[in-house]
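A quick note: this is a predicted structure, and the numbers were derived from the prediction, not measured. One-based numbering along the sequence shown.
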Amino acid sequence: MNIPVTSYPRIVIIGGGFAGISLAKKLSMQEVQVVLLDRHNYHTFQPLLYQVSTGGLEPDSIAYPIRKILKDFPNFHFRLANVEEINTENRKVLTDIGELKFDYLVVASGSETNYFGNSEIEKHSMAMKTIPQSLNLRSLILENFEEALLTSNLNERNALMNFVIVGGGPTGVELAGALAEIKKGILPKDYPDLDTRLAQIHIIQSSDCILKGMSAQASAKAEDFLENLGVNVWKNIRVTNYDGKTVTTNTDLTFETATLVWAAGVKGATIKGLSVGEFITHGSRLLVNGFNQVKGFENIFAVGDISCMVNEEFPIGLPMMAQPAIQQGKQLGENMVRLIEGKPMRPFVYKDKGAMATVGRNKAVVDLPKFRFQGVFAWYVWMFVHLFFLIGFRNRMVVFVNWVYNYVRFDREARLIIRPFKRKVKE
């Protein structure tokens, strides 16, 4: 990999997500050599991926070059690589561009879509965890309406205009709200020769409420918002299969759709060498102690979604969200310096700063540690927080200007089929 030899301890970080970037920043001015490996050369602001999928934002406004984030840091190296295996015995990381020895390893590989072993759903549904996947979904949505113009079969046309979202978490709720607004304000103008009123948006949740991780008040209000937007909310229903045309459930209820978005869960993005054994726990995550050390290792750590830190408050691990990842990355940076200096590390304590979700124009729900509120003010708070955590002044300005334009004009300029998406549908 042409990484310079150094007398400093080498810390290898796998993953340039929230946790990996926070850790790298914390180590930036220390006497260590940091090597960050990622399959993409950019950091993705995942909470806004749904806006890329629905044409509200272009992908470059929620992505930022990793090299630019850390360009002024001494002893920092980035390599575009796909990590294939971790050799824990010889302290080596094996990638598609070569191997690299480490003194300390931090796994921050994040999470991936969890299909719970259903290969048919995995084959035919759409995921929304990366920018390429979001662009694929954007293209498919627009292509379906173009195709609906060409068919004279009413059932086929309705299926092309129907959308089923599986999973009532923030991702599913925010996507459903965005699609509902497109149906209301944009589709009638773009497709005047289609009766877009027939388009249906369904969100299916296996439990008895949406936004399960938030308060009952937020859940109920979000459901009201969705129903007022015309979204069909189905609860206590589990999707069992999807063949590319028909969604089947554990009830008699079925849905005919050409687009099923799977937002029903995630699991840790494990790597060979640390993918089986006693350190793998709930959701394919790496079991870590209070210092983020992977069980059984002193020099291998895990932070963010891939890590599972169990305690009394979180018996199945911290929530797989941005805030725990950012906080763990910062704390581990401090702990690694203390470890190298021979000082005792400090246990990680998660500070819950709340949760929020937007359901569309002037509609959001916010749960803070001491306050809960919904509606227009919550929507402004949601926007401010997301702008604040975006990396880069340009990205903040581009997103802000897009939001203002979309709000004033009730439009989404990025509804473009840049690269057509095609998938084989089971006959």
Side-chain angles (χ1 to χ4, degrees), residues 15-18 20 38-66 80 82-83 108-145 163-179 182 201 203-204 239 242 244 247 257-270 283-284 304-306 320-322 325 386 390 395 399 412 414-425:
F18 288 111
D38 197 288
R39 67 182 65 185
H40 302 295
N41 73 334
Y42 54 85
H43 165 79
T44 303
F45 191 76
Q46 290 187 334
L48 293 181
L49 280 173
Y50 81 95
Q51 294 207 6
V52 174
S53 298
T54 53
L57 295 172
E58 283 289 2
D60 61 347
S61 59
I62 66 165
Y64 202 81
I66 292 176
L80 189 67
N82 183 32
V83 178
S109 51
S111 59
E112 59 188 8
T113 304
N114 189 356
Y115 296 97
F116 304 99
N118 194 315
S119 58
E120 282 292 289
I121 291 178
E122 182 176 2
K123 178 181 178 182
H124 295 106
S125 67
M126 302 296 292
M128 200 178 63
K129 282 288 293 177
T130 66
I131 285 178
Q133 288 175 343
S134 294
L135 288 174
N136 287 341
L137 179 56
R138 183 178 78 178
S139 294
L140 180 63
I141 291 171
L142 297 172
E143 287 169 11
N144 284 349
F145 281 99
F163 302 91
V164 175
I165 302 167
V166 184
T171 299
V173 167
E174 291 177 344
L175 178 62
L179 288 173
I182 291 175
I201 301 161
I203 184 167
I204 303 175
V239 171
Y242 176 58
V247 180
T257 180
T259 309
L260 181 141
V261 182
W262 188 261
V266 293
K267 62 181 180 179
T270 55
S284 299
D305 287 357
I306 188 64
M320 300 168 78
M321 301 189 304
H386 283 68
L390 272 169
N395 283 18
V399 170
R412 289 171 180 257
R415 52 188 188 276
L416 310 171
I417 306 174
I418 299 297
R419 53 174 200 183
F421 175 74
K422 299 294 180 184
R423 59 180 170 83
K424 294 181 180 179
V425 178

*Go through Asp60 and Tyr42 one step at a time and tell me if the side-chain contact (heavy atoms from CB on, under 4.5 Å) criterion holds.*
CA-CA 10 Å; Asp60 61 347; Tyr42 54 85; over 6 Å; no
*Are the side chains of Leu135 and Pro59 in touch, meaning some heavy atoms are under 4.5 Å apart?*
yes
*Could you grab the distance from atom CE of Met126 to atom CD1 of Ile121, nearest 0.5 Å is fine?*
14.5 Å
*Between Trp262 and Phe116, what is the ring plane arrangement, given parallel below 30°, perpendicular above 60°, and tilted in between?*
perpendicular
_Worked verdict on Val166 versus Val247 for side-chain contact (heavy atoms from CB on, under 4.5 Å)_ = CA-CA 10 Å; Val166 184; Val247 180; 5.6 Å; no
_Tyr64 backbone acceptor or donor facing His43 side chain under 3.5 Å_ = no
*Check whether any side-chain heavy atom of Pro170 sits under 4.5 Å from a side-chain heavy atom of Tyr50, and report yes or no.*
no
*For Arg415, does the CZ atom have more than 12 heavy-atom neighbours from other residues, nucleotides or ligands under 6.0 Å away?*
yes
*Look at the side chain of Ser139 and the backbone N and O of Phe421, then say whether any donor-acceptor pair between them is shorter than 3.5 Å.*
no
*In Å, rounded to the nearest 0.5 Å, how long is the span from CG of Asn395 to CD1 of Ile62?*
9.0 Å
*What is the minimum heavy-atom distance between Ser134 and Val52, and which atoms define it?*
CB-CG1, 4.0 Å
*Which atom pair, heavy atoms only, marks the closest approach of Asp305 to Met321?*
OD1-N, 3.6 Å
*asked:* For Asn136 and Arg419: C-alpha separation, side-chain torsions, deciding distance, then whether side-chain contact (heavy atoms from CB on, under 4.5 Å) applies.
replied: CA-CA 8 Å; Asn136 287 341; Arg419 53 174 200 183; 3.3 Å; yes
*What's the spacing between Ile182 CD1 and Ile201 CD1 if we round to 0.5 Å?*
8.0 Å
*Separation between CG of Leu140 and CD1 of Ile417, rounded to the nearest 0.5 Å*: 9.5 Å
*Straight-line distance of Lys129 NZ to Glu112 CD, nearest 0.5 Å*: 9.0 Å
*Are the side chain of Thr257 and the backbone N or O of Thr259 linked by a donor-acceptor pair below 3.5 Å?*
yes
*Where Ala108 and Ile306 come nearest, the two heavy atoms and their spacing*: CA-CG2, 4.2 Å
*asked:* How long is the straight-line distance from CG of Asp38 back to CG of Leu80, given to the nearest 0.5 Å?
replied: 7.5 Å
_Please check: side-chain N/O of Glu58 versus main-chain N/O of Ala414, any donor-acceptor pairing under 3.5 Å?_
no
*asked:* I'd like to check Val164 versus Tyr242 (side-chain heavy atoms, cut-off strictly below 4.5 Å). Are they in contact?
replied: no
*What pair of heavy atoms forms the shortest contact from Ala263 to Thr171, and how long is it?*
CB-CG2, 4.1 Å
_Shortest non-hydrogen contact from Gln133 toward Ala127_ = CB-O, 3.5 Å
*Got a sec, which residues hit side-chain hydrogen bond (donor to acceptor under 3.5 Å, both in side chains) with Asn118, two or more places apart in sequence or on another chain?*
none
_Holding to side-chain hydrogen bond (donor to acceptor under 3.5 Å, both in side chains), I want the full list of residues that pass it with Thr54, two or more places apart in sequence or in another chain._
Arg412
*Ile418 and Arg138: which non-hydrogen atoms are nearest, and at how many Å?*
CG1-NH2, 3.5 Å
